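Here's the structure we're looking at; comments come further down.
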Amino acid sequence: MELAARYEPQDKEAKWYKHWESKKYFRSTPDDREPFSIVIPPPNVTGVLHMGHMLNISIQDILCRHARQNGKNVCWVPGTDHASIATEAKVVKLLREQGIKKTDIGREAFLGHAFEWKEKYGGIILDQLKRLGASCDWERTRFTMEESLSEAVIKVFIDLYKKGKIYRGLRMTNWDPVALTALSNEEVLHREENSHLFHIKYKIEGTEDRYVVIATQRPETIMADVAIAVHPDDDRFKDLVGKKAIIPLIDRAIPIIADTYVDIEFGTGALKITPAHDQNDYEVGKRHNLEVIDILYANGTLNEKAQILVGEDRFEARKKIKGLLKDAEVLVELEQYRTSIGHSERTDAVVEPRLTFQWYLDMKEFCANALEVVEKGEVKFYPEHMSNMYNNWLKEENVRDWCISRQLWWGQQIPAWFYKEDVFVATTEEEALAQARAKYGDDIQATDLKRDEDVVDTWFSSWLWPISVFDGFDKQEELKYYYPTNVLVTGWDIIYLWVARMIMAGYEWAPELLGDQAAKGVQPFHEVYFTGMVRDSQRRKMSKSLGNSPDALALIDRYGADGVRFGMLSSGAAGNDIIFDAPIDKETKKALNESKLCDQGLNFGNKMWNALKLLKMWEVVAEPVSKETKVINELAGLWFENKINKVMGSIEKHMKVYRLSDALMELYKFIWGDFCSEYLEMIKPEYGKPIDEATLNRSLGFFGTLMSALHPFMPFVTEEIWHKLQDRKEGEDCCISSYPKSAEFDEALIKKVDGAIELISTIRKTRNEKGVKQKDPLKLYVQKTSGAEAFMAMVGLKDIISKLAYVEDIEFLEGDVPQNALPLVIGQEKFFLLINQTIDVAEEKTRLEADLKHLKGFVFGVEKKLSNERFVQNAPPQVIENERKKLADGQAKIKHIEESLGNLN
RNA sequence: GAGAGUAUAGCUCAGUUGGUUUAGAGCGAUGCCUUGACAGGGCAUAGGUCGGGGGUUCGAAUCCCUCUACUCUCACCA
């Protein structure tokens, strides 16, 4: 077989993905196996693959492939989210470029364009997931706005309305003046920004020279003022309460009122009350029965009620009014001020508090229940401390109702029809009409009803995702098999927006939908693995606008999916943010598409590829070429087999608690170190010599086992090597090979061979220090003790040492230590390496004395411990046993070193 | 303002209910090695009083208190 000099992932990855798909390995339908299900956190249809996805998808794929190899019926459901605001904004922009205005073409036509856009671009991200190797069941690809999922949303809306949990109300809401829609609190991101506090004086009505000075961040809203409030106990203003002040520039008189809401210490102690443009002012206004004057249009420009600066944007107006106030000589001071400003998560526009009618979901019960089930452990979080964040959000005093309506078209339209003052919630217009007629008489026609124009929040459909992807609201066979899903893998940043709400939805509807199967559990997932944010080397979140994120696909092109997966995984453990090591170009400040960690992954693939080449290059014969070779190969095989059994136990442990990077690192070291550096070197025939068939086959078997074990992490290179190792039958693929299991192992045997490896390493070190070439044959003596005899008696051990350390002979030492022999202490045994040069006595003495000092300190500590009665009484026997062994080892070593020092004199 | 997390080698991180040689890995650095699977390599070396201080314990990187620094979440006074 002709094998390339290097492993080139590019063409091989595409080939294997196609192969797996054609074999339908990722397809899942219910059967009698145990299910393992994961629903993908649906990326936005507008999205392109970024580093966050790569991490998240790699992890899910590892879990899925691992479960698949363990014989589970793995169902990983992919899909996309319609992302109402983001997508609508994108389509609106696209249409505008074509000279089309959304409002001109109407809802139907707009949705037509939007769906067209979705068909064209919506699948891009899913194809990109395939390049990473994601083993999703693509036949199950879902979309949050497809018919069946939308029906579920409507069903749920009506159900909640009937239960009295959904209501409509006039409230102060977070308004996005760019997207022209309300937002939920969770969609508003606060950022600290520099701002000014304008101190403005308002003249007191009926006086010539009395003023009251207020402080505000938003001078452009003074035209909407309806009062000035002071604290009732504030002596500075006591006599003003009940009088009126005059708004500058527009000369409107407003009352001065007293309210304890005002903070005496802050600003000037006098607060302008603007109920239309501030949540707190609205509350104050309500208490005092004040008028609400709204001076802003929905898009954030000033309307006629402002009287001045009409048509100006709110920020333009702020700049201009500053000049006007100055000219009017009422701007007393401009104070520097740092404050946090709410921005729309999707459009980044500064959020405007605005009084609107919206639909709300009462969250009290939902939150209490969601809190309880996590507390009880029905949903487990990894890492555990994420439950703190979760609890904090859900606890009673922080609960606020969820604003679920959005003034958009791209989404599920709210199933409500208005007639006069009434609203009728129903699945269809006919039903709504029937309800209306029941109340108002049969004269009412469908045309008299007006449907609510709004759609529901995107998250109001995604919170149903674990149920709706199985069409669970419609028919339940699949739901009963796959639900609850095993694990959710997602970023902690959407713990409130999504994770908590899915838990709520699960407990709300699953009991009824599952019926007799509800005993299995009604939670949407048993466990949640929170991934960290991917950050750059300066710990900034990777983002498009900063340009500090490497291009995900470019990384795959360069390092292969396996390399990138390795890089992502080795960056960090569950839940911690990961620092991705892509360097930043100094000039452009953009991230380069490079990564040492990914490079390490690529190199790892190459290393394994070369090990494959090695195994494939020898001539094969029936019997080992010599007796030494035979015993070496047999012992090496025994040792490695035991090591596999041991290591797999450790891997199992890691996998169980999602310590994926630990599992990967352990496999990496095992394959690179134990397999390539040790095992293969042990069995490697001398140059030009053949290998015996039994050893080769056993080695190929080991290699195959290693490929199975590594497959979930690096699926492509392992599949490639798996097939090159030996001829495989049709359908005998690494992808579905059973995952290696832990088994009994002989610890004593492992220790002995590991001891030999330590000796070999020490010999190499000594050669290095003394400038003796690694391959110059040397002679080695062992001091004869019962331990040494037992050690050397292991068949093949001596030959392994000879072979790997280039020692031509090993003899027991009975007489005096030969000239120019350097002492080496391994465990409690002492070896002498005979080198062909005179030993520098002084240098050797210094080295030994340093060792001695260190050892004596160590032994002293252990002795102190053991002579402490309370230690001996309290510590577990195992620990004491260990300490005794440490002491014995240390004392033996001290003895050896002292002897050697004696010999030097 | 309330809450949470983190601090261990030059860098990125492990260290799983306190006890396995006076703390480990990977990368990087340094030295040596190159016709023999692999320079995308081999062999080896040097780096840490576990953020500071105090306490509990026979025993602390690990538990408690306190201080410092950074990060995050939520709520915010115009």
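So you know, we letter chains A, B, ... as the sequences are listed, proteins then strands, and number each from 1. Bear in mind that the values here come from a model prediction, so they are computed numbers and not experimental data.
- Side-chain nitrogen and oxygen atoms of A/Y658 include none within less than 4.0 Å of the OP1 or OP2 phosphate oxygen of B/U16.
- Contact annotation: A/R400 side-chain N/O to B/A75 OP1/OP2 distance is under 4.0 Å.
- For A/E192 and B/C72, the CD to P distance is 12 Å, given to the nearest whole Å.
- A/K613 meets the side chain to side chain donor-acceptor pair (under 3.5 Å) test with A/N610; sequence neighbours excluded.
- Looking at residues 882-895 of chain A, you'll see A/K886, A/D889 sit with a heavy atom under 4.0 Å from some atom of RNA chain B.
- Every residue was checked against the side chain to side chain donor-acceptor pair (under 3.5 Å) condition with A/Y496, not counting sequence neighbours, and none meets it.
- Consecutive Watson-Crick or G-U pairs involving RNA chain B, each under 3.5 Å on both distances, make up stems of three or more pairs at B:1-7 with B:68-74, B:10-13 with B:24-27, B:29-33 with B:41-45, B:51-55 with B:63-67.
- A/Y390 is linked by a ring-ring contact (aromatic ring centres under 6.0 Å, His included) to A/F381, counting only residues two or more places apart in sequence or in another chain.
- With sequence neighbours left out, the ring-ring contact (aromatic ring centres under 6.0 Å, His included) criterion links A/Y282 to no other residue.
- Every residue meeting the side-chain contact (heavy atoms from CB on, under 4.5 Å) condition with A/V625, not counting sequence neighbours, appears here in chain and number order: A/T629, A/P690.
- Residue A/Y496 places its side chain closer to B/U73 than to any other of B/U73, B/A14, B/C13.
- The separation between A/Y559 atom OH and B/C27 atom P is 15 Å, rounded to whole Å.
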Next item on the list: At under 4.0 Å between heavy atoms, which parts of nucleotides 38-47 of chain B does protein reach? Answer with one letter per nucleotide, 5' to 3': B base, S sugar-phosphate only, - none.
Entry: B-BSSBSS--
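- In this structure, A/Y390 does not reach the B/U73 phosphate: none of its side-chain N or O atoms is under 4.0 Å from OP1 or OP2.
- Taking A/L602 as the reference, A/P9, A/Y559, A/D599 meet the side-chain contact (heavy atoms from CB on, under 4.5 Å) condition, with sequence neighbours excluded.
- Partners of A/H288 according to the side chain to side chain donor-acceptor pair (under 3.5 Å) rule, which considers only residues two or more places apart in sequence or in another chain, are A/D259.
- The ring-ring contact (aromatic ring centres under 6.0 Å, His included) search around A/Y806 returns none, not counting sequence neighbours.
- The side chain to side chain donor-acceptor pair (under 3.5 Å) search around A/N874 returns none, not counting sequence neighbours.
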